S.K.: 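Dropping a structure here in structure tokens format, bear with me for questions.
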Amino acid sequence: MPQTKSDNFDVVIAGAGPAGAQCARDLATRGYDVVVLEAESEDEFPRQSNKSTGGTFPPMLSSFGIPDDVVMNFTDDVVIESPNDHFAQYQPGAVLDFGEFKRFLVADGKREGATYRFGARVNKPLVEDGELVGVQFSGGETVYGDIVVDATGPAAVLSKQLGVTTLERDKQAVAIEYEMDGVHLDYPGYADITDAMMLRLDHDIAPGGYSWIFHTGDETAKVGLCYLQNDAHRRYARDGMRIDEYLQYWLDTDPRFDAAERIDGRHHRGSAHLQMPERLSADNFMAIGDTAPTVDPVWGEGIHACMKSGRAAAITADHCFIANEVDTSAANLSGYDDLWHSEVAPEMRIRLLVSRVLYQAPNDRLDTFVRDLRRIDADELAKADDGSIRYLMKLLHVRDVPLLARVLLASRT
């Protein structure tokens, strides 16, 4: 099919997830011509891309003007479980209906003037005379823009082809989640997870990863797990078991699910990469959201990080356009990289290191970790959560040195 130069925009965004849709909202509010190309059909959106547990916290809701009617349940606590212990901390949060959340972002962006094209699967960058000028989608159709933004998630469709992103398979976490009814939220011998978001570190259930229960109201909850194909997974995995079977094993063996049933049509799959991004921008180009990648599951709230990356990209684009002469060069767009490291994912390197240590630590060490969480006070824990090495050291033991060495060596190879 011949290509025609039929459309021109200030910014072309591939993908209508939280990062892409938020970037479009911000740009449209600033008065720019922005188009979002989304692979799914509008009637079904986001059936295939409804992949998040939807856990978030008040700063995200207030910062981005997210309405309460996309929240399934407001929660009071975050709970960390290990095989034989648990730690609970008061931390108000919200479990979103992720589909409704994404539909709100799209609708609000349209109200601000953003253009959306559904059934438009982006397949390659459009390069003319060595310069990125737009994208090709859906069988040869083209759209042109001064800046192209890749928000296609772990697929990183444009970033990979442009050589901006290299996503490593052994650093990809795969996930599955069911929404369930009849969950026993306060079962004897377990943490009370009523109005809570709970993460469980237990290699028997999720070797090389973690599982979760997010209370969504009444006796309903989002229940899922994820893991990486890391050394811990190879060490603790059962031969031949796939991720669906691990989740079913948990449902069969945890008494909290004895009377629980899956809710029809509420079944989600997803993936994310746990690695430092190599680059985030290039001439006329930025990578946002999980394309970067941004998510670090143990420390949580990937949605907020994705939204912040979309906003950082919009701020950077605005800077490029408001100058006397439009400048979308890599040098000018590198301001996005600075914002990403300072505002979107600060201290990400140390946070990734701690996450990998937790994924690799044996179950008895995970029990000790939970006990240590109770030992340090709330202020120290908050500083550790922010990635402070000084306070993270309070959670480490001498026995962790060989494990730390293995994780550091693996992260450099």
Side-chain angles (χ1 to χ4, degrees), residues 15 17-19 39-40 46-55 98-99 102 151-157 159-160 165-180 197-214 221-254 262 266-277 289-303 305-306 348 351-352 355-361 366 407 410-411:
E40 290 193 66
R47 183 175 65 88
Q48 294 295 329
S49 59
N50 188 12
K51 297 178 178 179
S52 173
T53 56
F98 194 61
K102 291 181 70 173
T152 59
V157 174
S159 299
K160 288 179 179 177
T165 299
T166 301
L167 298 176
E168 301 172 41
R169 186 172 182 82
D170 65 347
K171 292 181 173 62
Q172 181 181 24
V174 294
I176 182 173
E177 177 187 82
Y178 300 152
E179 293 187 33
M180 305 195 70
M197 291 186 279
M198 183 277 281
L199 301 176
R200 183 179 180 90
L201 295 160
D202 184 345
H203 293 301
D204 186 49
I205 295 167
Y210 66 99
S211 57
W212 62 85
I213 302 174
F214 285 8
K222 296 185 178 186
V223 180
L225 63 82
C226 74
Y227 56 71
L228 290 85
Q229 300 283 355
N230 55 19
D231 288 342
H233 183 79
R234 289 184 283 271
R235 187 180 312 120
Y236 299 111
R238 295 174 178 83
D239 288 342
M241 282 185 66
R242 298 172 299 179
I243 192 166
D244 303 63
E245 294 166 311
Y246 280 109
L247 180 53
Q248 190 59 52
Y249 169 76
W250 189 27
L251 297 176
D252 290 341
T253 56
D254 191 315
R262 289 173 55 181
R266 308 289 286 187
H267 173 196
H268 317 300
R269 294 179 184 273
S271 66
H273 287 80
L274 275 74
Q275 63 180 84
M276 287 296 296
D290 291 345
T291 301
T294 307
V295 174
D296 177 8
V298 160
W299 297 96
E301 209 178 2
I303 291 174
C306 286
M348 185 173 177
R351 291 157 75 92
L352 277 174
S355 297
R356 289 170 180 159
V357 168
L358 288 174
Y359 290 152
Q360 298 271 5
L366 296 174
V407 170
S411 66

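Just so we're clear, the structure is a prediction, and the values are computed from it rather than from any experiment. Side-chain atoms are counted along with the backbone in the values below, which use heavy atoms only and exclude waters and symmetry mates.
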S.K.: I'd like to know if R269 pairs up with D244 as an ion pair, taking the criterion as any Lys NZ or Arg NE/NH1/NH2 lying under 4.0 Å from an Asp or Glu carboxylate oxygen.
M.R.: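 The answer is yes: the pair qualifies as a salt bridge.
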
S.K.: Return yes if a side-chain donor-acceptor contact under 3.5 Å exists between Y246 and R238, otherwise no.
M.R.: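 Judged by distance alone, the side chains do not pair up.
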
S.K.: Side chains of L225 and R200: does their closest heavy-atom pair fall under 4.5 Å?
M.R.: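 A side-chain contact is absent here, since even the closest heavy-atom pair is not under 4.5 Å.
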
S.K.: Judged by atom type as modelled, is there a donor-acceptor pair below 3.5 Å linking the side chain of E177 to the main-chain atoms of H268?
M.R.: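 Here the side-chain-to-backbone pair does not exist.
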
S.K.: Looking at every non-hydrogen atom in both residues, tell me the closest pair between H203 and A232 and how far apart they are.
M.R.: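 It is CE1-CB, 3.9 Å.
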
S.K.: Please check if the side chain of E245 supplies one atom and the backbone of R242 the other of a donor-acceptor pair under 3.5 Å.
M.R.: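 Such a contact is found between E245 side chain and R242 backbone.
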
S.K.: Would you mind reporting whether E179 and R262 have side-chain heavy atoms less than 4.5 Å apart?
M.R.: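 Not in contact.
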
S.K.: Taking the side chain as everything from C-beta on, heavy atoms only, tell me whether N230 gets closer than 4.5 Å to Y359.
M.R.: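 Yes; the side chains approach each other to less than 4.5 Å.
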
S.K.: Backbone N or O of G153 within a donor-acceptor pair of the T291 side chain at under 3.5 Å?
M.R.: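 Confirmed, T291 side chain pairs with G153 backbone.
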
S.K.: Short question: side chain of T152, backbone of V157 - any donor-acceptor pair under 3.5 Å?
M.R.: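 Yes, T152 side chain to V157 backbone: donor-acceptor pair under 3.5 Å.
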
S.K.: Any chance you could measure M197, atom CE, to W212, atom CH2, to the nearest 0.5 Å?
M.R.: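 Reported to 0.5 Å precision, the distance equals 13.0 Å.
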
S.K.: Quick check: do D290 and C306 have side-chain heavy atoms less than 4.5 Å from each other?
M.R.: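 Yes - at least one pair of side-chain heavy atoms lies under 4.5 Å apart.
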
S.K.: Which heavy atom of L247 sits nearest to which heavy atom of G224, and what is that distance?
M.R.: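 Heavy-atom minimum between the residues: CD1-CA, 4.2 Å.
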
S.K.: Taking the side chain as everything from C-beta on, heavy atoms only, tell me whether K160 gets closer than 4.5 Å to T166.
M.R.: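 No - every pair of side-chain heavy atoms lies 4.5 Å or more apart.
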
S.K.: Under 4.5 Å between any side-chain heavy atoms of L358 and Y210, yes or no?
M.R.: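 No, their side chains stay 4.5 Å or more apart.
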
S.K.: State, to 0.1 Å, how close K222 and T53 come at their nearest heavy-atom pair, and which atoms those are.
M.R.: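 For K222 versus T53, the nearest heavy atoms are NZ-O, 2.8 Å.
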
S.K.: Below 4.5 Å, heavy atoms only, C-beta onward: do I213 and W250 meet side chain to side chain?
M.R.: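 Answer yes - side chains close enough.
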
S.K.: If you round to the nearest 0.5 Å, how far is OH of Y236 from CG of D202?
M.R.: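 D202 CG to Y236 OH: 11.0 Å, rounded to 0.5 Å.
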
S.K.: Do I303 and F98 have side chains that get closer than 4.5 Å, going by heavy atoms?
M.R.: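 Answer yes - side chains close enough.
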
S.K.: Which class fits the ring pair H233 and Y227: parallel under 30°, tilted 30 to 60°, perpendicular over 60°?
M.R.: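 If you compare the ring of H233 with that of Y227, the planes turn out parallel.
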
S.K.: I'd like to know whether Y249 forms a side-chain contact (heavy atoms from CB on, under 4.5 Å) with D204, so could you lay out the CA-CA distance, the side-chain angles of the two residues, the decisive distance to 0.1 Å, and finally the verdict.
M.R.: CA-CA 9 Å; Y249 169 76; D204 186 49; 2.9 Å; yes

S.K.: Identify the two heavy atoms, one from A175 and one from C226, that lie closest to each other, and give their separation to 0.1 Å.
M.R.: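 That would be CB-CB, 3.6 Å.
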
